Structure formats: structure tokens, C-alpha cells
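Numbered from 1 within each chain, the chains take letters A, B, ... in sequence-line order. Keep in mind that this is a model prediction, so the values were computed, not measured.
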Amino acid sequence: MGGRDLSWDTTDMEAGDTVLFDLSSVTIPFPASFSGSEVFSVFITLVFGFWALYTLAATYHWIRYSHRSWIAVPALAAHVAVSAAIASFAVTGLR
Amino acid sequence: MEEFELERGEKIILSVRKHWLVFLVELLPYALLAVAPMLISALAVWAGSVYPSAESFAATLTLGNPSVRLALGLWWLALWMGAFHTFTRYYLEQWVVTTLRIVNIRQRGFFRREVSSFLLERVQDVTTTVEGILPTLFGFGTIRVETAGEEAQHFYLRGIRNPEHMRDLIMREIAELEKSHGLKGV
């Protein structure tokens, strides 16, 4: 993993300045930059994770509290289908 | 029913939910918010025609722009989840009238469900209110039930379909209960 050299240029130091910490020998494992696709992937993963948690909670409530109503399965199926359609619309054209 | 156990001899007489029109009214904000981006886009196009400096920005606000599609899709997904949550709450809430009590089941949100029981023998007053054009035309309203006792309580059943029928049913069950208690006392 690449790191950064944290030593600094001392040419701007003036007389009387004191060096408190010399970090020139310290290397912090920090990426130089995030690529746009990585950020996008993380964001989409978070969105999907939230949607999945919500759907799980909704499914639990429908199964437990709908008293075996016939509408539970079609309602949940409609939710998944509409969500998939919207998600498909959202990512169409992205590269 | 999983929420409460029936007593020996207790039977469920009626189980009702809110009127479907009440549910549609609750969905209305989601529908308006879903359409709002279209209005913003139309406004931007108009602004582009009036102010040339805004024309290039307005030209980017089209469905052909992948970023616009992504933002719109995420917006619609959030609204859809809210609308489905509203439908879930609507369907999982109900009022149950049994031969002994009235049970009010409220789904306040995920993992927050309230079940309240009011004994028929403590019911003192039942009042129905149908107020407004839509409630009158579509036949839904509010039932107010007041219970007797040192700490008199009242609760409301709002958005009930045909509240007069439910009121008559409750009063009939109360009369049956008093009759059966009277016979037992003989």
C-alpha cells in the first residue's frame, strides 16, 4: 500500500521556530486518491444495503402481522419488482 | 389472532381497516413529490429560453443524461419505499370487535406495534361523526368510544368505513353482553 512521506520543507522556517514532531520517518497507509468508480460502487452498495434491510423488515412484518392474508406475497413481490424497475432505470447509461 | 388471545367463548364479530380513500390521501404527497422533478426540469427549460446563460445548464437536465437518471432513480426509489411503508402500515392496522371487547391494533412503524383492548362492558357511549364532502360521499368517518370508570377513557377509530354500522354492531354486542350477565345473575 502506498504511503505518504510527511516530512516538510524547512526552507520556510524562521529563526526561533521549534520542531515539535518530526514525522519524516512515519508512513501513513493512505491512498493517494479515490477513483470515481470506487466511490460510486461504495455508494451503490450502501443504497442497496439499506434497501435490502428495509425489505427484510417489511417482509418480517407482513409475514408476522398480516394473519396469513393472501395479499402479503403479491405486495412484497410488487415492491421488489417496482424497486428493480426503478433501479434499472437509474443505472441505465452509466459506465 | 397472534396479537391477542381470545377468551373462552369469545368470538370475533368484525375486523375492519381504514377506508381505502384515507389510504390514497396518505399516498398523495408521495405522488406529488415523484412528479416534482419533472416540474423542476420544465422550469429549467423555461429559464433557459428566457436567460441564455442558463441554457447550457437546462440542456443537461434531460433523461438522456446518466447522472440525471441516477438522481431521479434514487429519488423515486426513496419515495417508493416511503409509499410502500404507508401501505404496510395501512394494511397491518385494524380494529377488531369481538363478543367481549374492541381491540385497536396500530402499526406505528417498523418494530412498533400497539394493541389496545377496551372491554364492551365498560363502554358507556359510542358516537359517530361523518364530516366533510368526501367522507359523506364515500361513507367513512370517526367513531368515538367512551368507557366508564373513575378514569373515563375515550378512544377514536378514524377513517372507518360505514361507522354507523360499526356503532350499531358495538351497541348490539353490549346489549347481548348485558343480557347474558343478567341471565347469569338470575
Side-chain angles (χ1 to χ4, degrees), chain A residues 1-2 4 29-95, chain B residues 1-6 12 14-17 20 23 27 30-31 33-34 37-38 60 62-96 98 103-115:
Chain A
M1 187 180 293
R4 282 187 184 164
F30 192 82
S33 65
F34 288 115
S35 67
S37 62
E38 287 172 351
V39 172
F40 178 74
S41 296
V42 170
F43 175 71
I44 291 298
T45 302
L46 287 174
V47 170
F48 176 74
F50 180 77
W51 176 89
L53 279 175
Y54 167 84
T55 303
L56 270 175
T59 305
Y60 168 78
H61 282 75
W62 275 98
I63 290 174
R64 179 159 179 186
Y65 298 121
S66 69
H67 309 296
R68 301 181 194 88
S69 171
W70 65 270
I71 208 172
V73 172
L76 291 166
H79 164 66
V80 172
V82 171
S83 298
I86 293 173
S88 174
F89 167 82
V91 299
T92 304
L94 291 173
R95 293 178 188 175
Chain B
M1 272 211 168
E2 289 84 358
E3 274 87 12
F4 60 96
E5 286 186 10
L6 294 172
I12 293 176
L14 180 68
S15 178
V16 293
R17 292 183 178 87
W20 58 265
F23 163 63
L27 278 188
Y30 295 105
L33 286 172
M38 311 301 183
T60 63
T62 62
L63 288 180
N65 187 339
S67 301
V68 170
R69 291 170 75 96
L70 177 64
L72 194 57
L74 291 175
W75 175 245
W76 282 345
L77 184 64
L79 290 178
W80 167 252
M81 289 166 66
F84 187 73
H85 186 65
T86 300
F87 174 66
T88 300
R89 274 184 35 234
Y90 157 77
Y91 197 83
L92 298 186
E93 280 187 358
Q94 50 185 316
W95 294 283
V96 182
T98 74
V103 182
N104 182 14
I105 302 172
R106 293 205 64 180
Q107 187 74 39
R108 293 202 177 265
F110 280 161
F111 307 106
R112 192 179 167 197
R113 194 167 174 85
E114 285 181 7
V115 181

**Prompt:** Based on non-hydrogen pairs under 4.5 Å, which of A:Ala72, A:Ala78, A:Ser69 is most in contact with chain B?
**Reply:** A:Ser69
**Fill in**
Residues passing the ring-ring contact (aromatic ring centres under 6.0 Å, His included) test with B:Tyr91, sequence neighbours excluded, are A:Trp62
**Nearest heavy atoms of A:Ala75 and B:Phe84, plus distance in Å** = O-CE1, 3.4 Å
**Request:** Please name all residues satisfying ring-ring contact (aromatic ring centres under 6.0 Å, His included) with B:Trp20, sequence neighbours left out, ordered by chain then number.
**Result:** B:Phe138
**Asked** Which one, A:Ser66, A:Ala87, A:Ser83, leads in non-hydrogen pairs under 4.5 Å with chain B?
**Response** A:Ser83
**Complete:** Heavy-atom closest pair (B:Leu70 atom, A:Phe40 atom, distance to 0.1 Å) is CD2-CE1, 3.5 Å
**Request:** Might you point out which heavy atoms bring A:Ile71 and B:Phe87 nearest each other, and give the distance in Å?
**Result:** CD1-CZ, 4.1 Å
**Request:** Heavy atoms only: give me the nearest A:His61-B:Leu92 pair and the separation to one decimal.
**Result:** O-CD1, 3.7 Å
**Message:** Could you go through A:His67 and B:Gln94, starting from their C-alpha distance and side-chain angles, then the distance that decides it, and tell me whether this counts as side-chain contact (heavy atoms from CB on, under 4.5 Å)?
**Reply:** CA-CA 12 Å; A:His67 309 296; B:Gln94 50 185 316; 3.4 Å; yes
**Prompt:** For B:Trp80, is it the side chain, the backbone, both, or neither that has a heavy atom closer than 4.5 Å to a heavy atom of chain A?
**Reply:** side chain
**Message:** Restricting to non-hydrogen atoms, name the atom on A:Ala90 and the atom on B:Gly73 that form the minimum distance, rounded to 0.1 Å.
**Reply:** CB-CA, 3.7 Å
**Complete:** Under a 4.5 Å heavy-atom criterion, the part of residues 47-54 of chain A in contact with chain B comprises A:Val47, A:Phe50, A:Trp51, A:Tyr54
**Residues forming a ring-ring contact (aromatic ring centres under 6.0 Å, His included) with B:His85, sequence neighbours excluded** = B:Phe110
